[in-house]
Amino acid sequence: MGGINYSEKIPNNVNLANDRTLQRALEHWQPKFIDWWKSMGPSDFQGAEAYLRTAVSVNADGWARYGAVKMPDYRWGIFLADPVAERRIGFGDLMGQPAWQQVPGEYRSTLRRLIVTQGDTEPASVEQQRLLGHSCPSLYDLRNLFQVNVEEGRHLWAMVYLLHAYFGRDGREEAEELLARHSGDADKPRILSTFNEPISDWLSFYCFTYFTDRDGKYQLKSLAESGFDPLSRTCRFMLTEEAHHMFVGETGIGRVVRRTLEVMKALGTDDPSAIRRAGAVDLPLLQKYLNFWCSSSLDLFGNEISSNAAANFANGLKGRPDESQYTDHVLREATLKLATPEGDQEAPMLNALNEVMRESYLKDCEIGLKRWNRVIERAGHGALALALPSAHFRRSIGSWVGHPVDPQGRILPREQYDRRLYDWIPSEADRAFVRSLMQRVVEPGRMAGWVAPPDRGINNLPLEHEYVRFQ
Ligand code: BYC
């Protein structure tokens, strides 16, 4: 990258053109990123031109520039939201002190760990989704997949920027490790559990973008509160992109619901096997996918009781999402009632912050459910309404690990739970059926038979637009 025009090749608002140290670190890392993208990113589509938005500045007219681009030529940029003048730490024991422009020595390793954990999820999701392009239900969906993928790539850049700019040699080493761990790898897996689950069909992709990207929203919101100002500003900008990913999930599931209802009407039955024979996803099957991805994403908030969460809050490193909506920002006196398998327990609020976040996340998850259920009810199938599983169902982290709880939150005899598990999450046969639906459709404007068309195209273009052009 020697002698190149940095703002052209790497759009940024971090003064990259004049920062030799950062340039050197990125010059070393960027070719490895491109190699990683080519080998672990969307398989077989590197030559295709996709109609993508690129962020070229943080201004209203610059954060989403649309145009046809080959993914390896995508201009992954580095952007921080505009600074807030005289910003102060808004919570914890250091509340009211000026926000930090450099990493305080005593919090260096904790902050690095938070940034690495966040950064690790971004390339992980690209790896999880790398084969989906082969079975896309439409060009519109294929383009959305690629948009999500390149933006997760940019989110990786965002975290790598922080590591390079603020953490010296350790940061550079961590940035390399972010490309060395791989989703599902037996020896070097991704850090958090959900990011090692394969996403091998589009129903899973819609669920992932609905549930798991929404966890991303909540984690980014809490890091946007951080006293470490560059982290806060980076996360604030990332949140503008995250909204589209959740849109893909919410409208994707909504389109599946609509198509299924059409098929039910045409057949005059809600019999799942008849619906499957007609090539659509019966609602109980969709419910199983919701149960699977929601319960997996709930684990991403960590343990209900966490000394990490308490210390991160008290030290001003990680706040609650939308911290300003609360009145108590110190939480030294407050407690929270927690439901545990041993009964209700009163816990210090500081230690229970992962749970506080999980609860607000679940409320946010309900919004889509209400929308889909309105459509189901209007079609006269209220009895088939969809629901979120209990937060105690199928947990792998926290006090409910290994407890036989059904999606309604009832504790069952172990033998009954084991026998019924695949009534609640997809069985191998369910997954094989869903995979059988995943036939690639790439004629502009056409949709696969299991999903309804979206209400509109991208950026005011018609649905028939050729959103991805193959070479
Ligand atoms: N899997 O004290 P605890 C996104 C570990 S998604 C495996 O409760 P803490 C995106 C934990 O690391 C958002 N391990 O943990 C979405 C800890 O290990 P150590 C990602 C887990 O620290 C879609 C130990 O268990 N955001 O952006 O309170 C597409 C004790 O746990 C898991 C972040 O990661 C798990 N599920 O909370 C693309 C934000 N859960 O330290 C992107 C930064 C816990 O004892 N990270 N553990 O060795 C954090 O804030 C926290 O690390 C966590 C965990 C919330 C993840």
Side-chain angles (χ1 to χ4, degrees), residues 107 109-130 145 147-159 162-163 174 178 181 183-184 189-197 199 204-226 228 231-232 234-235 238-239 241-246 248-249 293-315 317-321 338 347 350-358 361 394-401:
Y107 306 134
S109 65
T110 312
L111 270 171
R112 194 182 63 214
R113 196 183 167 82
L114 285 173
I115 292 167
V116 165
T117 310
Q118 177 66 45
D120 191 71
T121 63
E122 317 290 359
S125 67
V126 177
E127 293 169 353
Q128 286 171 291
Q129 296 161 14
R130 72 183 297 264
L145 169 71
Q147 183 71 60
V148 168
N149 290 163
V150 291
E151 283 175 355
E152 300 302 4
R154 206 201 68 74
H155 290 184
L156 169 64
W157 276 71
M159 293 298 119
L162 292 175
L163 292 169
E174 292 282 16
L178 288 172
R181 286 184 292 270
S183 177
R190 291 297 177 180
I191 298 172
L192 298 175
S193 43
T194 311
F195 294 90
N196 290 303
E197 298 281 2
I199 303 180
S204 297
F205 175 63
Y206 294 151
C207 291
F208 181 92
T209 42
Y210 188 76
F211 289 108
T212 314
D213 277 278
R214 194 173 307 274
D215 166 61
K217 167 182 166 185
Y218 274 74
Q219 299 292 345
L220 290 174
K221 267 174 173 275
S222 69
L223 295 174
E225 301 288 337
S226 181
F228 178 42
L231 175 61
S232 160
T234 304
C235 291
M238 288 163 77
L239 280 163
E241 292 161 324
E242 204 67 54
H244 173 257
H245 307 182
M246 288 178 294
V248 169
W293 285 102
C294 183
S295 54
S296 178
S297 303
L298 286 170
D299 281 336
L300 294 171
F301 290 86
N303 287 282
E304 288 88 346
I305 299 288
S306 165
S307 53
N308 288 341
N312 291 342
F313 187 88
N315 296 331
L317 308 182
K318 185 178 172 191
R320 287 166 294 185
L338 284 179
L350 263 187
N351 293 73
L353 286 175
N354 287 345
E355 189 60 17
V356 171
M357 271 177 74
R358 192 165 14 239
Y361 163 82
R394 206 180 76 94
R395 294 296 305 283
S396 305
I397 298 280
S399 59
W400 291 91
V401 173

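Remember, it's 1-based here, ligands and their atoms both numbered in the order they're listed.
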Proximity flag Tyr218 to ligand 1, non-hydrogen atoms under 4.0 Å: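 Judged by the 4.0 Å heavy-atom criterion, Tyr218 does not count as contacting ligand 1.
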Min heavy-atom dist Ile191 to ligand 1 below 4.0 Å: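 Right, Ile191 reaches ligand 1.
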Donor-acceptor under 3.5 Å ([X] side chain, [Y] main chain):
{"X": "Thr209", "Y": "Tyr206", "value": "yes"}
{"X": "Asn312", "Y": "Leu317", "value": "no"}
{"X": "Arg358", "Y": "Gly302", "value": "yes"}
{"X": "Asn351", "Y": "Ala310", "value": "no"}
{"X": "Arg190", "Y": "Arg181", "value": "yes"}
{"X": "Tyr210", "Y": "Cys294", "value": "no"}

Donor on one side chain, acceptor on other, Glu241 and His155, under 3.5 Å: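 Their side chains do contain a donor-acceptor pair, which is all the 3.5 Å distance test asks for.
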Among all protein heavy atoms, pick out the one at the shortest distance from [atom]; state its residue, atom name and that distance to 0.1 Å.
{"atom": "atom 45 (O) of ligand 1", "answer": "Asn308 ND2, 4.2 Å"}
{"atom": "atom 13 (C) of ligand 1", "answer": "Asp215 OD2, 3.2 Å"}
{"atom": "atom 47 (N) of ligand 1", "answer": "Ile397 CD1, 4.2 Å"}
{"atom": "atom 43 (C) of ligand 1", "answer": "Leu114 O, 3.6 Å"}
{"atom": "atom 53 (C) of ligand 1", "answer": "Leu300 O, 4.2 Å"}
{"atom": "atom 29 (C) of ligand 1", "answer": "Glu152 OE2, 3.4 Å"}
{"atom": "atom 48 (O) of ligand 1", "answer": "Arg113 NH2, 3.0 Å"}
{"atom": "atom 20 (C) of ligand 1", "answer": "Gln118 OE1, 3.4 Å"}

Distance under 4.0 Å to a non-hydrogen atom of [X]: what atoms of ligand 1 satisfy this?
{"X": "Gly216", "answer": "4 (C), 6 (S), 13 (C), 27 (O)"}
{"X": "Phe208", "answer": "23 (C), 29 (C)"}
{"X": "Asn354", "answer": "8 (O), 9 (P), 28 (O), 37 (O)"}

Stepwise side-chain hydrogen bond (donor to acceptor under 3.5 Å, both in side chains) check, Ser297 with Thr194: CA-CA 6 Å; Ser297 303; Thr194 311; 5.1 Å; no
Close side-chain approach of Gln129 and Phe208, heavy atoms under 4.5 Å: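 Yes - at least one pair of side-chain heavy atoms lies under 4.5 Å apart.
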Could you see which bit of [X] sits under 4.0 Å from ligand 1, with heavy atoms only: side chain, backbone, both or neither?
{"X": "Ser193", "result": "both"}
{"X": "His245", "result": "neither"}
{"X": "Phe195", "result": "side chain"}
{"X": "Asn303", "result": "both"}

Pick from Glu355, Gln219, Lys318: the one approaching atom 50 (O) of ligand 1 most closely through a non-hydrogen atom: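 Among Glu355, Gln219, Lys318, the closest heavy atom to atom 50 (O) of ligand 1 belongs to Lys318.
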Closer than 4.0 Å: a protein non-hydrogen atom to atom 16 (C) of ligand 1: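 When distances to the protein are checked, atom 16 (C) of ligand 1 has a heavy atom within 4.0 Å.
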Atom 23 (C) of ligand 1: any protein heavy atom closer than 4.0 Å: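 It does; a protein heavy atom is within 4.0 Å.
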Give yes if a backbone or side-chain nitrogen or oxygen of [X] is under 3.5 Å from a nitrogen or oxygen of ligand 1, and no if not.
{"X": "Ser306", "answer": "yes"}
{"X": "Glu242", "answer": "no"}
{"X": "Thr212", "answer": "no"}

Might you point out which heavy atoms bring [X] and [Y] nearest each other, and give the distance in Å?
{"X": "Lys318", "Y": "Ser222", "answer": "CE-OG, 3.1 Å"}
{"X": "Ser232", "Y": "Ser226", "answer": "CB-O, 3.7 Å"}
{"X": "Ile305", "Y": "Ala347", "answer": "CD1-CB, 3.4 Å"}

Quiz item: cation-pi between Arg214 and Tyr218, 6.0 Å / 45°: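 The answer is no, since Arg214 fails at least one limit relative to Tyr218.
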Ion pair check, Glu127 and Arg130, cut-off under 4.0 Å: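 Salt bridge flag = no for Arg130 with Glu127.
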